[in-house]
A.B. asks: 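Quick one: this structure, given as structure tokens, is what I'll be asking you about.
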Amino acid sequence: NKNLKKNLRIPFYFICIFLLGTTSIKSQNLSDEVTSFENQANHSLMNNDMYDAIYYFNKAYYLSDEKNKKAELLLKSNECYKTLGLYEEAILSLKQIFPLGLSDTLQFNIKLQLAILNYLKSDFTESLSQLEQIEQYTKSENLKNEVLPIKVMVLNELEAGLKHHSLVTN
């Protein structure tokens, strides 16, 4: 009975090693595919083919299992949407990112891109809201200073809108 238990342990260890090994291989294969799709997307960017770049960045996004990498891929996809003038699609793309657990820099970049996109689609109130969130939650003074020129532009647009509204109503 003692020998039977001892003999059963060895195959059990081999099974565990085999299962862990195949999981590692699958993970490496997915990582290789993510890299391949990202490379294809970057190649499409160099050829100014934004639609293909979006396609490949999104494929890489769905295959990636690493949170920061997923956020970086969506930020790259967002740049393509922005170049095409598809601001609403870019916003929806960025809203897929759950910021908890991301680096401060990535969280900052996501909020900044949302502010810029809302500005570009003339939703100045939402743009200002994103900028105020950056100011409230960002610890780095250098990053906060990057927001100031955009905030000035947004406030100018909001003020111009108020002046226009008061002229129309009077």
Side-chain angles (χ1 to χ4, degrees), residues 14-151 153-154:
F14 284 129
I15 291 170
C16 289
I17 290 169
F18 175 75
L19 291 175
L20 290 174
T22 58
T23 303
S24 174
I25 290 169
K26 286 180 186 174
S27 176
Q28 181 59 43
N29 288 342
L30 277 179
S31 177
D32 291 345
E33 282 189 67
V34 168
T35 301
S36 173
F37 286 132
E38 187 175 12
N39 289 340
Q40 287 175 306
N42 289 328
H43 180 74
S44 295
L45 279 177
M46 289 190 312
N47 293 326
N48 287 325
D49 190 347
M50 297 301 150
Y51 289 105
D52 273 359
I54 291 168
Y55 172 76
Y56 288 119
F57 281 133
N58 285 330
K59 280 189 87 152
Y61 166 81
Y62 286 111
L63 287 176
S64 179
D65 58 357
E66 201 270 304
K67 191 171 187 164
N68 282 330
K69 183 66 173 176
K70 288 174 93 71
E72 290 169 8
L73 291 164
L74 284 181
L75 280 167
K76 289 178 180 180
S77 176
N78 164 64
E79 288 299 317
C80 299
Y81 283 121
K82 194 167 41 172
T83 300
L84 293 167
L86 302 171
Y87 308 129
E88 191 62 41
E89 288 82 351
I91 290 169
L92 291 173
S93 176
L94 288 179
K95 286 186 175 182
Q96 293 180 61
I97 303 171
F98 187 68
L100 199 63
L102 293 177
S103 70
D104 288 344
T105 304
L106 272 174
Q107 288 183 40
F108 170 82
N109 286 332
I110 292 164
K111 290 287 184 196
L112 182 62
Q113 288 304 312
L114 285 169
I116 291 169
L117 289 163
N118 280 297
Y119 177 84
L120 290 171
K121 72 173 212 153
S122 300
D123 188 347
F124 306 116
T125 305
E126 182 60 27
S127 182
L128 183 60
S129 171
Q130 295 293 336
L131 294 170
E132 288 172 345
Q133 288 177 41
I134 290 172
E135 290 175 336
Q136 185 174 6
Y137 295 111
T138 302
K139 297 171 188 146
S140 167
E141 289 302 317
N142 289 336
L143 291 177
K144 286 181 182 180
N145 289 337
E146 286 185 39
V147 170
L148 292 177
I150 300 165
K151 189 171 183 180
M153 291 173 23
V154 170

A.B. asks: Restricting to non-hydrogen atoms, name the atom on G101 and the atom on N68 that form the minimum distance, rounded to 0.1 Å.
C.D. replies: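 So the two residues come closest at O-OD1, 4.4 Å.
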
A.B. asks: Are E141 and K144 within salt-bridge range, i.e. N to O under 4.0 Å?
C.D. replies: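 A salt bridge links E141 with K144.
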
A.B. asks: If you look only at distance, which donor and acceptor atoms sit under 3.5 Å apart when one is on a side chain in residues 47-57 and the other is two or more places apart or in another chain?
C.D. replies:
from, atom 1, to, atom 2, distance (Å)
N47, ND2, H43, O, 3.4
N47, ND2, H43, NE2, 3.2
D49, OD1, D52, N, 3.3
Y55, OH, K59, NZ, 3.4

A.B. asks: State, yes or no, whether a side-chain contact exists between E135 and L148 at a heavy-atom distance under 4.5 Å.
C.D. replies: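 A side-chain contact under 4.5 Å exists here.
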
A.B. asks: Considering all heavy atoms of both residues, which atom of A71 and which atom of I110 are nearest to each other, and what is their separation?
C.D. replies: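 Looking at all heavy atoms of both residues, the shortest contact is CB-CD1, 4.5 Å.
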
A.B. asks: Quick one: list whatever passes side-chain hydrogen bond (donor to acceptor under 3.5 Å, both in side chains) with E66, sequence neighbours left out.
C.D. replies: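 Applying side-chain hydrogen bond (donor to acceptor under 3.5 Å, both in side chains) to E66 gives none.
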
A.B. asks: A side-chain contact here means heavy atoms from C-beta on lying under 4.5 Å apart; do Y137 and Q107 qualify?
C.D. replies: no

A.B. asks: Do N118 and I116 come close enough that some side-chain heavy atom pair is under 4.5 Å?
C.D. replies: no

A.B. asks: Would you say S44's side chain and Q40's backbone share a donor-acceptor pair under 3.5 angstrom?
C.D. replies: yes

A.B. asks: Using every non-hydrogen atom in the two residues, find where L94 and L114 come nearest and quote the distance to one decimal.
C.D. replies: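 The pair with the smallest heavy-atom distance is CB-CD2, 3.9 Å.
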
A.B. asks: For residues I97 and K70, determine if any side-chain heavy atom of one lies less than 4.5 Å from a side-chain heavy atom of the other.
C.D. replies: no

A.B. asks: If I compare all heavy atoms of F124 with all of V154, which pair ends up nearest, and what's the gap?
C.D. replies: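 Residues F124 and V154, closest heavy atoms: O-CG1, 3.4 Å.
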
A.B. asks: Taking the side chain as every heavy atom from C-beta outward, state whether D104 and L143 have any pair of such atoms under 4.5 Å apart.
C.D. replies: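 Contact flag for D104/L143 side chains = no.
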
A.B. asks: Scan for side-chain hydrogen bond (donor to acceptor under 3.5 Å, both in side chains) pairs involving residues 84-101, sequence neighbours excluded, and state none if there are none.
C.D. replies: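 Every side-chain hydrogen bond (donor to acceptor under 3.5 Å, both in side chains) pair that includes a residue of residues 84-101, provided the two are not neighbours, is E88-K121.
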
A.B. asks: Within the distance-only criterion (no hydrogens, no angle test), does the side chain of K111 pair as donor or acceptor with the backbone N or O of Q130 below 3.5 angstrom?
C.D. replies: no

A.B. asks: Strictly distance-based, threshold 3.5 Å: is any side-chain N or O of S129 a donor or acceptor partner for the main-chain N or O of T125?
C.D. replies: no

A.B. asks: Does S64 reach the main-chain N or O of A60 with its side chain, forming a donor-acceptor pair under 3.5 Å?
C.D. replies: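 Flag not set: sc S64 to bb A60 has no pair under 3.5 Å.
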
